[in-house]
2 protein chains.
Amino acid sequence: MSIELAVSSVILALRPRPEGAQTSRTTDAPAKTLWTPLVRRIREPYQGSWALPGGPLGLECGLAQAARETLRRTTGLDPRYLEQLYCFGGLDRARGTSDPLPSAELVHGQVRPPRVVSIVYWALVRPEEDAAATPIDAAGGIDPVNVSWFPVDDLPDLAFDHREILTYALDRLRAKITYSPIAHAFLPDAFTLADLREVYESVLDRDIDPANFRRQMLARGHLEATGEKLTGASHRPPSLYRYRAQLVATSPTPPPRSAS
Amino acid sequence: MSIELAVSSVILALRPRPEGAQTSRTTDAPAKTLWTPLVRRIREPYQGSWALPGGPLGLECGLAQAARETLRRTTGLDPRYLEQLYCFGGLDRARGTSDPLPSAELVHGQVRPPRVVSIVYWALVRPEEDAAATPIDAAGGIDPVNVSWFPVDDLPDLAFDHREILTYALDRLRAKITYSPIAHAFLPDAFTLADLREVYESVLDRDIDPANFRRQMLARGHLEATGEKLTGASHRPPSLYRYRAQLVATSPTPPPRSAS
DNA sequence: TCAAAAGTGTTCAAGCTACACCCATGC
DNA sequence: GCATGGGTGTAGCTTGAACACTTTTGA
């Protein structure tokens, strides 16, 4: 018995908050919230539970590439932002935190579950990537049944240690958005400062002063006015901005450097 | 052919700067600098080159545990601070960045080098841990020949992509020391503010105002006066401090949370 | 004209930097 | 006393939070 190597991904996208969702905040919460796609396990252990999309690492495949391919196959997504999160390799991962060994494993006469080392990536999805996604099942067809999106503050029971992994990814996102220009990974190429602020407010789950936010973002020098304005709303039309080209992080592979 | 899983470590300790070392700074550099132990490879590829200490992942061994054991076996070290750095799994790692395939591999009739995925940890070594270390060779004896320490700003040629990995570890250290109380990982239990400042100055390679440094460190609330003073020097005896117990990070396993 | 969000100006508090200055010890 | 680093005080600058106020659009 050797060690199995798997690559999984935590995928995060901003979508409208579900109707009537319970919110932890007393004041009005942001209109959007983070969602993540999960796949239903079709075999033991944890058959029927939801899990992070993932699969075994192929021989001819770099780590990030493996993450991309599993992601495209299971969820139909091809996100621009993809970064390694952590490598999990504890001895007891395969049987969950404190649950007894699933019976199917015993049937196979296996005393110990297989040892799995998971390299987990996290991905941020832009609206157009989100819209273009179509999950494909094992037979090559569309698979709307075994892939489903959930708001991250209302998750079902997850297999293995996947809930802890997801929580860790959220911590990382909230930390990183404060010092690194990754909010653009949730936005189209051109956006208003209100759009950008909505990303920050949704991720950090708190209101941000629009006036101060504007000054801070512009002072960082990452933004560039397109010259266009967004008309149509019944108020003063806001300017459109884009991130300066060299700062548009795709996949920071090998090791990500913290952009200033 | 399957994928090999290895665990390696970047180990960092503060030691006196070597005599007459070239320094990048015009002003007087800190008296100490970072050193790292490397092991000499005894087989192809890269036979004779220096490499990060590491070894294959054992079946019965957690990732961090595997790092600890290789570390103790090769360098004799048992550092308190150990944290996962990154997982490297590129396709061409085994044969180096742009070198031709080493001949020994061809002799074995292998067209491609074995695919290796390395989970790399980084460790910070305290002075007493450093002093207690005694490298052990494969036969179980002391091995002073194939393990050697180098200042990180004067490294020999390294095998594989290990130089990039080391550079990445240094970046991470310099970033993390500014927002997390990890400097204690280079210090004994009790230390003066001058000791602590020396760690920061050595890692960041710049002078720090003692007065402001004192106030900042004390304001963070991580330090606690022992009540003792360090006598013997020909000036006012400085107070000794320790880090508050709950903040003494050992091995942040699973995922490290950024301490405030 | 009004509502609503864009965008600007101003004030206040907190934190950091630079540097002057006193304190305690060994020689 | 004198040199040396420990430790305190303080003025000036920068940054960010809070919020008043003007601008520009659609209805």
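Each chain gets a letter, A, B and so on, in the order its sequence line appears, and its residues count up from 1.
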Considering residues at least two apart in sequence or located in another chain, which fulfil the side chain to side chain contact (heavy atoms under 4.5 Å, CB included) criterion with B/V39? B/P53, B/T74, B/V147
Which residues pass the salt bridge (Lys or Arg N to Asp or Glu O under 4.0 Å) test with B/R163, sequence neighbours left out? none
Partners meeting ring pair (Phe, Tyr, Trp, His ring centres under 6.0 Å) with B/W50 (sequence neighbours left out): B/F150
Sequence neighbours excluded, which residues qualify as side chain to side chain contact (heavy atoms under 4.5 Å, CB included) partners of A/A51? A/R41, A/A159, A/H162
Between protein and nucleic acid, restricted to nucleotides 19-21 of chain D and to nitrogen or oxygen atoms under 3.5 Å apart, what atom pairs and distances do you find?
none

In whole angstroms, how far is the P atom of C/dG7 from the CG atom of A/L230? 10 Å
Polar pairs (N or O, both sides) under 3.5 Å between protein and nucleotides 11-15 of chain C?
none

Using the ring centroid of each side chain, check whether A/F191 and A/Y243 are separated by less than 6.0 Å. yes
Is there any salt bridge (Lys or Arg N to Asp or Glu O under 4.0 Å) pair reaching into residues 223-238 of chain B, and which pairs are they, with sequence neighbours excluded? B/E224-B/R242, B/E224-B/R244
Does A/R15 have any side chain to side chain donor-acceptor pair (under 3.5 Å) partners at least two apart in sequence or in another chain, and if so, which? A/D130
Extract from the structure each pairing of a protein N or O with an N or O of nucleotides 23-27 of chain D at less than 3.5 Å, listing the distance.
unit_1, atom_1, unit_2, atom_2, d
D/dT23, O2, A/R236, NH1, 3.1
D/dT24, O2, A/R236, N, 3.0
D/dT25, O2, A/S234, O, 3.4
D/dT25, O2, A/H235, N, 3.2

Quick one: is C/dT8 close enough that its OP1 or OP2 comes under 4.0 Å of any side-chain N or O from A/R214? yes
Tell me every residue that passes side chain to side chain donor-acceptor pair (under 3.5 Å) with B/Q65, counting only those two or more places apart in sequence or in another chain. B/E69
Gap between atoms CE and P, on A/M217 and C/dA6 respectively (whole Å): 15 Å
Whole-Å distance between C/dA4 P and A/R197 CZ? 15 Å
Residue-phosphate contact under 4.0 Å: A/S239 side-chain N/O, C/dG7 OP1/OP2: yes
To the nearest angstrom, the CD1-P distance between A/I208 and C/dA5 comes to 17 Å
Find the distance B/Q216:CD to D/dT8:P and express it as a whole number of Å. 15 Å
Atom CZ of B/R206 and atom P of C/dC16: how far apart are they, to the nearest Å? 13 Å
Give a yes or no answer on whether the side chain of A/D161 reaches the backbone of A/E164 with a donor-acceptor pair at less than 3.5 Å. no
Going by salt bridge (Lys or Arg N to Asp or Glu O under 4.0 Å), name the pairs with one or both residues in residues 181-199 of chain B, residues two or more places apart or in two chains. B/K32-B/E198, B/R80-B/D189, B/R126-B/D189, B/R197-B/E201
Going by the rule salt bridge (Lys or Arg N to Asp or Glu O under 4.0 Å), which residues pair with A/R215 if we only count those two or more places apart in sequence or in a different chain? none
Whole-Å distance, B/F213 CZ to C/dA18 C1', equals 17 Å
Atom-to-atom span, CG of A/L193 to C1' of C/dT8 - whole angstrom: 14 Å
